[in-house]
Novice: 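Pasting a structure below so you can have a look.
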Amino acid sequence: MALELYFYNECGFCQSVLNCMSNLHCSEKVALKNIRENPDYEQELVGLTGAKTVPVLVVDGKPVRGSEEISQFLVEKFL
């Protein structure tokens, strides 16, 4: 299962997801794509979702939006 997280550090919702990943010890299983550090990631995100809104977790090519939804998915997958 391929997992990619589009985020940026200044986003509180992104920090919530990153904290969840840290607590679940699954950070190494998720490719992190910081849209502020790499404009190519931002363009990928816009192409995928039509917006620059983060966080977005991409699970096998399908986006999961919203910090609560992402955290719930991660808990179900890795707890």
Side-chain angles (χ1 to χ4, degrees):
M1 171 179 291
L3 300 172
E4 300 173 321
L5 179 69
Y6 291 90
F7 76 105
Y8 60 85
N9 290 321
E10 301 81 10
C11 169
F13 295 108
C14 295
Q15 287 302 316
S16 175
V17 171
L18 292 169
N19 288 338
C20 178
M21 289 170 49
S22 177
N23 291 337
L24 293 169
H25 306 287
C26 68
S27 298
E28 67 281 350
K29 297 176 178 135
V30 180
L32 298 178
K33 295 191 168 190
N34 187 327
I35 67 169
R36 294 263 170 98
E37 291 180 358
N38 188 333
D40 292 339
Y41 292 157
E42 184 176 294
Q43 291 306 311
E44 287 176 18
L45 178 62
V46 171
L48 185 66
T49 66
K52 297 178 185 178
T53 306
V54 290
V56 173
L57 179 69
V58 180
V59 181
D60 290 334
K62 297 179 183 176
V64 177
R65 300 182 193 197
S67 59
E68 290 182 19
E69 292 82 357
I70 293 169
S71 293
Q72 181 180 349
F73 171 84
L74 292 171
V75 166
E76 290 172 3
K77 178 73 180 156
F78 295 108
L79 189 58

Novice: Can you give each donor-acceptor pair under 3.5 Å made by side-chain atoms of residues 40-52, sequence neighbours left out, with the distance rounded to 0.1 Å?
Specialist:
{"residue": "Glu42", "atom": "OE2", "partner": "Lys52", "partner atom": "NZ", "Å": "3.3"}
{"residue": "Glu44", "atom": "OE1", "partner": "Tyr6", "partner atom": "OH", "Å": "2.7"}
{"residue": "Glu44", "atom": "OE1", "partner": "Lys33", "partner atom": "NZ", "Å": "2.8"}
{"residue": "Thr49", "atom": "OG1", "partner": "Leu45", "partner atom": "O", "Å": "2.9"}
{"residue": "Thr49", "atom": "OG1", "partner": "Ala51", "partner atom": "N", "Å": "3.3"}
{"residue": "Thr49", "atom": "OG1", "partner": "Ala51", "partner atom": "O", "Å": "3.0"}

Novice: Could you give all pairs that pass the salt bridge (Lys or Arg N to Asp or Glu O under 4.0 Å) test and reach residues 67-79, with sequence neighbours left out?
Specialist: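 Matches after skipping sequence neighbours: none remain.
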Novice: Restricting to pairs with a member in residues 13-32, which pass side chain to side chain donor-acceptor pair (under 3.5 Å), not counting sequence neighbours?
Specialist: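 Side chain to side chain donor-acceptor pair (under 3.5 Å) check on residues 13-32 returns no pairs.
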Novice: Considering non-hydrogen atoms only, spot the tightest contact between Pro63 and Val56 and give its length.
Specialist: CB-CG1, 3.8 Å
Novice: Could you give all pairs that pass the salt bridge (Lys or Arg N to Asp or Glu O under 4.0 Å) test and reach residues 10-23, with sequence neighbours left out?
Specialist: Glu10-Arg36
Novice: As an exercise, state the distance from SG of Cys14 to CD1 of Ile35, rounded to the nearest 0.5 Å.
Specialist: 7.5 Å
Novice: Apply the hydrophobic cluster definition, ILVMFWY joined by side-chain contacts under 4.5 Å directly or through others, and give me every member besides Phe78.
Specialist: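 Listed partners: Met1, Leu3, Leu5, Phe7, Val17, Leu18, Met21, Leu24, Val30, Leu32, Leu57, Val59, Val64, Ile70, Phe73, Leu74, Val75, Leu79.
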Novice: Just by modelled atom types, is the Tyr8 backbone N or O under 3.5 Å from a matching donor or acceptor in the Asn34 side chain?
Specialist: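 Checking the backbone N and O of Tyr8 against the side chain of Asn34, no donor-acceptor pair under 3.5 Å is found.
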